[in-house]
S.K.: 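One structure coming up, written as structure tokens, with questions to follow.
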Amino acid sequence: MADLSAFPITKKWPAKNPDIIQLYSLPTPNGVKISIALEELGLPYEAHRVDFGANEQKSPEFESLNPNGRIPALIDPNGPDGKPIGLFESGAILYYLAEKTGKLIPADAAGRYETLCWVMFQMGGVGPMFGQFGHFYKYAAEKVANNSYPMERYRDEAKRLLGVMEGRLKNRQWIMGDTYTIADIALFPWVRGADVFYGGRNVIGYDDFPAVMDWLERCLARPASGRGIDIPTKE
């Protein structure tokens, strides 16, 4: 049995089976990237729910694994050289899982690097900009009621980023062409989330991006997406 005692996070969220991957997350756009990838890869894992309401992501135990205090984070008891490894940042975790299994990423070096470009496009662009749009459009709407600039700025940037994706997805089934990869998994929860969590479909103008909308439906129709989209579940 794997010894995870070196990871203080396991004291707050004990592992029932320390021999399998331990996921610390919440079903947010960033969080479900990892549960969906794990479901796609068929890797056994335990999902531990990090309660934002209780500010658990800022607890000493959680920050011992991710000093930045953000979900998701993960422990793989079977990391490089067979030793446990702790990871944070969803893009890095996606790339790790793809490299570990040789799946959800092209086999050739050029394809891997191109896939990574699109993962970084999500990490540096789509995630932050969609998140800021949602903040000002939904959560801080009263605070900026007399100033439309913040919402409009991030709305327009969200539209621009969707336009980039629209150009990429014309005549393509997936971001990388015929093969579903971690680039798709990185991106689609955020496109979904701007609608489901923020109610921004009409404001952003999703109907103006038909290739993106068709791609989103394909992503959501995958069985692993259906299984991973609400993990960790409420207890």
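In this text the structure is predicted, and so the values were computed from the model without any measurement. Just so you know, these numbers use all the heavy atoms, side chains as well, and skip hydrogens, waters and symmetry mates.
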S.K.: Do Asp3 and Ser5 have a side chain donor and acceptor closer than 3.5 Å?
M.R.: yes

S.K.: Hey, is NZ on Lys58 packed in by over 12 heavy atoms from elsewhere, all under 6.0 Å?
M.R.: yes

S.K.: Under the criterion side chain to side chain contact (heavy atoms under 4.5 Å, CB included), I'd like the reasoning laid out for Leu38 against Leu43: C-alpha separation, chi angles, the key distance, then a yes or no.
M.R.: CA-CA 5 Å; Leu38 290 166; Leu43 291 172; 4.0 Å; yes

S.K.: Working to the nearest 0.5 Å, report the span between CG of Asp184 and NZ of Lys33.
M.R.: 13.0 Å

S.K.: For Ile182 and Ala98, which heavy atoms make the closest approach, and how far apart are they?
M.R.: CG2-CB, 4.0 Å

S.K.: Any heavy-atom pair between the side chains of Gln22 and Thr10 that's under 4.5 Å?
M.R.: no

S.K.: Under 3.5 Å, is there a donor-acceptor pair between the Glu39 and Tyr45 side chains?
M.R.: yes

S.K.: Residues in side chain to side chain contact (heavy atoms under 4.5 Å, CB included) with Phe121, at least two apart?
M.R.: Trp118, Val126, Leu161, Val164, Met165, Leu187

S.K.: What ring pair (Phe, Tyr, Trp, His ring centres under 6.0 Å) pairs are there with at least one residue in residues 87-111, not counting sequence neighbours?
M.R.: none

S.K.: Is it true that atom CG of Asp178 has more than 12 heavy atoms of other residues, nucleotides or ligands lying nearer than 6.0 Å?
M.R.: no

S.K.: Would Met213 and Arg201 satisfy side chain to side chain contact (heavy atoms under 4.5 Å, CB included), going step by step from the backbone distance to the final call?
M.R.: CA-CA 11 Å; Met213 294 301 100; Arg201 171 181 288 267; 3.8 Å; yes

S.K.: Would you confirm whether Ser225, through its side chain, and Leu220, through its main-chain N or O, come within 3.5 Å as a donor-acceptor pair?
M.R.: no

S.K.: Measure across Pro14 and Glu46 and return the closest heavy-atom pair with its distance rounded to 0.1 Å.
M.R.: O-OE1, 4.3 Å

S.K.: Taking Asn66 for the side chain and Arg70 for the main chain, is one N or O donor matched with an acceptor at less than 3.5 Å?
M.R.: yes

S.K.: Work out which heavy atom in Ala186 is nearest to a heavy atom in Gln122; give both atom names and the distance.
M.R.: O-CG, 3.2 Å

S.K.: Does the side chain of Glu89 come within less than 4.5 Å of Asn68's, by heavy atoms?
M.R.: yes

S.K.: Do Leu97 and Ile21 touch side chain to side chain, with heavy atoms closer than 4.5 Å?
M.R.: yes

S.K.: Would you name the heavy atoms of Gln173 and Arg218 that are closest together and state the gap between them?
M.R.: O-NH2, 2.9 Å

S.K.: Taking ILVMFWY side chains as joined if any heavy atoms are under 4.5 angstrom apart, and letting links pass through other members, which residues group with Leu4?
M.R.: Phe7, Ile9, Trp13, Tyr24, Leu26, Val50, Phe52, Phe62, Leu65, Ile71, Ile75

S.K.: Are Ile231 and Ser25 close enough that some pair of their side-chain heavy atoms sits under 4.5 Å apart?
M.R.: no

S.K.: Looking at CZ of Phe130 and OH of Tyr137, how far apart are the two atoms once the value is rounded to the nearest 0.5 Å?
M.R.: 14.0 Å

S.K.: State whether the side chain of Arg49 and the backbone N or O of Pro232 hold a donor-acceptor pair below 3.5 Å, judged by distance alone.
M.R.: yes

S.K.: Say you draw a straight line from CG of Leu74 to OG of Ser90; how long is it, rounded to the nearest 0.5 Å?
M.R.: 11.5 Å

S.K.: Does atom CG of Asn171 have more than 12 heavy-atom neighbours from other groups under 6.0 Å away?
M.R.: no

S.K.: Nearest 0.5 Å, please: how far is CG in Asp156 from CE in Met151?
M.R.: 8.5 Å

S.K.: Looking at Lys100 and Asp76, is there a salt bridge between them, counting it only when a charged N and a carboxylate O are closer than 4.0 Å?
M.R.: yes

S.K.: To the nearest 0.5 angstrom, please state how far the CE atom of Met120 sits from the SG atom of Cys117.
M.R.: 9.0 Å

S.K.: Could you walk me through whether Arg192 and Cys219 pass side chain to side chain contact (heavy atoms under 4.5 Å, CB included), step by step?
M.R.: CA-CA 10 Å; Arg192 170 184 178 267; Cys219 291; over 6 Å; no

S.K.: Would a 4.5 Å heavy-atom cut-off, applied to side chains only, mark Val191 and Leu162 as touching?
M.R.: yes

S.K.: Only one of Arg222, Arg227, Lys103 clears salt bridge (charged side-chain N to carboxylate O under 4.0 Å, His left out) with Glu40; which?
M.R.: Arg222

S.K.: For a salt bridge (charged side-chain N to carboxylate O under 4.0 Å, His left out) check, start with the C-alpha distance between Arg168 and Glu114, then their side-chain angles and the critical distance, and finish with the verdict.
M.R.: CA-CA 12 Å; Arg168 177 68 176 183; Glu114 187 179 358; 2.8 Å; yes

S.K.: Look at the side-chain heavy atoms of Ile, Leu, Val, Met, Phe, Trp and Tyr, link any pair under 4.5 Å apart, and say whether Leu216 and Val196 land in one connected group.
M.R.: no

S.K.: Would you find a donor on one side and an acceptor on the other, under 3.5 Å apart, between the side chain of Asn17 and the backbone of Asp19?
M.R.: yes

S.K.: Can you find a heavy atom in the side chain of Lys12 that is under 4.5 Å from one in the side chain of Glu56?
M.R.: yes

S.K.: Using 30° and 60° as the class limits, which term best fits the ring planes of Trp190 and Tyr198: parallel, tilted or perpendicular?
M.R.: tilted

S.K.: On a heavy-atom basis, which atom in Lys159 and which in Val203 lie closest, and how many Å separate them?
M.R.: CE-O, 3.7 Å

S.K.: If you take all heavy atoms of Phe197 and Pro29, which pair is closest and at what distance?
M.R.: CE1-CD, 3.6 Å

S.K.: Can you tell me how far CD1 of Ile105 sits from CG of Asp108, rounded to the nearest 0.5 angstrom?
M.R.: 9.5 Å

S.K.: Short question: side chain of Glu166, backbone of Val212 - any donor-acceptor pair under 3.5 Å?
M.R.: yes

S.K.: Taking the side chain as every heavy atom from C-beta outward, state whether Ile175 and Phe188 have any pair of such atoms under 4.5 Å apart.
M.R.: no

S.K.: Below 4.5 Å, heavy atoms only, C-beta onward: do Leu41 and Thr101 meet side chain to side chain?
M.R.: yes

